[in-house]
Amino acid sequence: MKFETPAQDNPVDQLKVVGRPHDRIDGPLKTTGTAPYAYEWHDEVDKVAYGYVIGSAIAKGRITSVDTRAAKNAPGVLSVITADNAGKLGKGEMNAATLLGGPTIEHYHQAIGVVVAETFEQARAAAALVEVNYQRERGAWDLAEEKPGVTTPPEDTPDKKVGDFDRAFDSAAVQFDATYTTPDQSHMAMEPHASMAVWEGEKLTLWTTNQMINWCHSDLAKTLNIPQENIRVRSPYIGGGFGGKLFLRSDALLAALGARAIQRPVKVMLTRPMIPNNTTHRPATIQRVRIGADESGHISAIAHESWNGNLPGGPTETATNQTELLYAGANRLTGLRLAKLDLPEGNSMRAPGEAPGMMVLEIAMDEMAEKLGIDPVEFRILNDTQVDPANPERPFSQRQLIECLRTGAEHFGWQQRNPTPAQVRDGRWLVGMGMAAGFRNNLVTPSGARVRLDAHGTVTVETDMTDIGTGSYTIIAQTAAEMMGVPIEKVVVKLGDSTFPISSGSGGQWGGNSSTAGVYAACVKLREAVADRLGIDASSAMFTDEQVRVGERSIPLREAAAQSELVAEDKIEFGDLAEKYQQSTFAGHFVEVAVDSATGEVRVRRMLAVCAAGRILNPKTARSQVIGAMTMGLGAALMEELAVDTRLGFFVNHDMAGYEVPVHADVPQQEVIFLDETDPISSPMKAKGVGELGICGVSAAIANAIYNATGVRVRDYPITLDKLLHGLPDPV
Ligand code: MOS
């Protein structure tokens, strides 16, 4: 199905199942520990062996020798695989560094081998016996040091200019110019990267944990130099991804190589301390924002430049995305700069681009509002735009930013905020409020699905879509139930298998809307097949209460499949509506913090997000996504940072003792309000992404609340107490 014109009324609009706060249908499996994760499919096969990954101990240079003799002779060891005996490997489209390094080393903890043994403990013990000698080289590991040398944009991301920024900024009555930093961050999904590989002759089955089955599938074939049809990838349950599992990673490749070497199933899990340096991370940025406005606060000039570093072939962090679109202003400049760094590959982490971009832009807006003497909510509203500022012919499909901000301010009690910093005390605590806009683009991606109807009237959906903890199973079931007129209990959803039609996968907050739109398309076909079987006209048939109704006639749905199962497959494909209209999602974030006036400890007291993100397919799972994202934004504001050792080139705090993420005690109260909205430009579901919107802006709202509480403006994330202490007012 081609989606080329705005959606009309369709069966989803009935909202009998869609739009309701259904519990997750996979919930009982998750809460009883019976949803098998990648490392837990051992019941499927016999005699599973364990692989333990060896990571490079240097960040750049060469392996001069590897001695595996002691390891091979260790108890239980079945094989030791390194680049020397792995055979010729290719490289995946989506990988910057090779997944099995050697002799050249591209980054610290790059996998250089896997020890396969009867037990995990034997593999781990033997891995310690592998003797590797290196020739260490000096690399580029410090973004701040590399930055001055990087003044031109990467070829694929030229600067974007509207009007004449320099002139408008120079002549602006009020000017603001500041530079900020965001650190490297790790996804820290609860489930580590893990895979189990089984070969039968030439055929490989890989159980893994991956957000994008098709990317994993094609890159594994490329890396192993075998035809894609010889590989089956299965990833039906995933314990969090956040972008860290978008790609084929070393666990999958090494499980496949290990299993091939010993002709037995092999599973490989990356240990927690391997993950930050072995896999991808969100790259650190240095960002400069300049804003020029007239005395009344109308922005005339806005510029945002962002620097990040990466390995050759690694992406640029598009931290200026939102600055192209969020506020009005006739003169604009956005630019990206990419330095070559020899740190592990930087890549997508929840809301790549906007998450770090909003961390900065929305502090800058707060600072500018203060400079102008305007309330920060009003300053944003004053500079709202309903069209793409670079192309005024191009409207937003929906844009309720003002409504988000007004609703949030009202609901949160914003008028009680004292705009003068460091005035409000609660015992030893300094109390403050902060806010920020939320913004994340809405992306749409082709997505396929197959639906079946059987003689019991059960509808089965098959798609390679994944559920990374987001609720995909549930919204897909809701969609199929709505379309076929059956209760949700009569829908079976099968996900995460490369034998199913290729879906959007889970990434970029496109998965919910795109994958359900694919299921919608397949269900339209199935309805036609049903009508055909029953000898009725599909367009006038109503599918409801497990019946197909035409006029006075009512036929049980299952009768259409009485003779044989009905199967339909289709794919949603998007036309140029995304070019004609700007599709984005919006929020207002409001936060209250308390800062200990003696120690600088920050406690977030209340958080509110008001979101406008198209139709909310399931308010319960959507709310969970948003509060999860708000929590992640809190982590980014206050604690998350991969500390770079700039002498040796690696992330030092590569475990969950050193890399802190928020826990329940860090988040006392969170509230989410969804504005009533449908977006017929986005898809037949009229939904948009929401899972990444929730993180975009939160950290800045916290930073702004800390400033309001203390009078200390911190421009370098995370805002740890050492950055506050020097400026705290005297304790009373
Ligand atoms: Mo998302 S960072 O594309 O999983």
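Both ligands and their constituent atoms are indexed starting at 1 by order of listing.
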Check your understanding: Which ligand 1 atoms does R350 reach within 4.0 Å, using its non-hydrogen atoms?
Key -> 2 (S)

Exercise for review: Examine ligand 1 and decide if any of its atoms is less than 4.0 Å from a heavy atom belonging to E692.
Suggested key: yes

Exercise for review: Could you list which atoms of ligand 1 come closer than 4.0 Å to a heavy atom of P352?
Suggested key: 2 (S)

Practice item. State plainly whether the residues D679 and K688 are in salt-bridge range, i.e. N to O under 4.0 Å. Key: yes

Study note, to complete from the structure: Smallest heavy-atom separation, Q478 atom then V18 atom, equals O-CG2, 3.6 Å

Exercise for review: Answer side chain, backbone, both or neither: which part of L246 comes under 4.0 Å from ligand 1, heavy atoms only.
Suggested key: side chain

Point to revise | Y581-F396 aromatic ring centre distance below 6.0 Å | key: no

**Study point:** Sub-4.0 Å atoms of ligand 1 with respect to non-hydrogen atoms of S348
**Key:** 2 (S)

Point to revise | Pairwise distance CG(L343) to CD(E106) - rounded to 0.5 angstrom | key: 13.0 Å

Review point. So, is Q211 polar-close to ligand 1, with some N/O to N/O distance under 3.5 Å?
Key: yes

Point to revise | G508 N/O under 3.5 Å from ligand 1 N/O | key: yes

Review point. S506 and T466: side-chain donor and acceptor closer than 3.5 Å?
Key: yes

Check your understanding: Taking the six-membered ring for Trp, are the ring centroids of Y473 and Y237 within less than 6.0 Å of each other?
Key -> yes

Check your understanding: Which ligand 1 atoms are under 4.0 Å away from a heavy-atom of M349?
Key -> 2 (S)

Point to revise | Min N/O separation G243 to ligand 1 under 3.5 Å | key: yes

Revision key, fill the gap. One finds that the ligand 1 atoms under 4.0 Å from a non-hydrogen atom of G507 are 1 (Mo), 3 (O), 4 (O)

Check your understanding: Should we say atom NZ of K494 is surrounded by more than 12 heavy atoms from elsewhere, each under 6.0 Å from it?
Key -> no

Check your understanding: Under 4.0 angstrom from ligand 1, any heavy atom of G241?
Key -> no

Review point. Shortest non-hydrogen contact from L325 to S584?
Key: CD1-OG, 4.4 Å

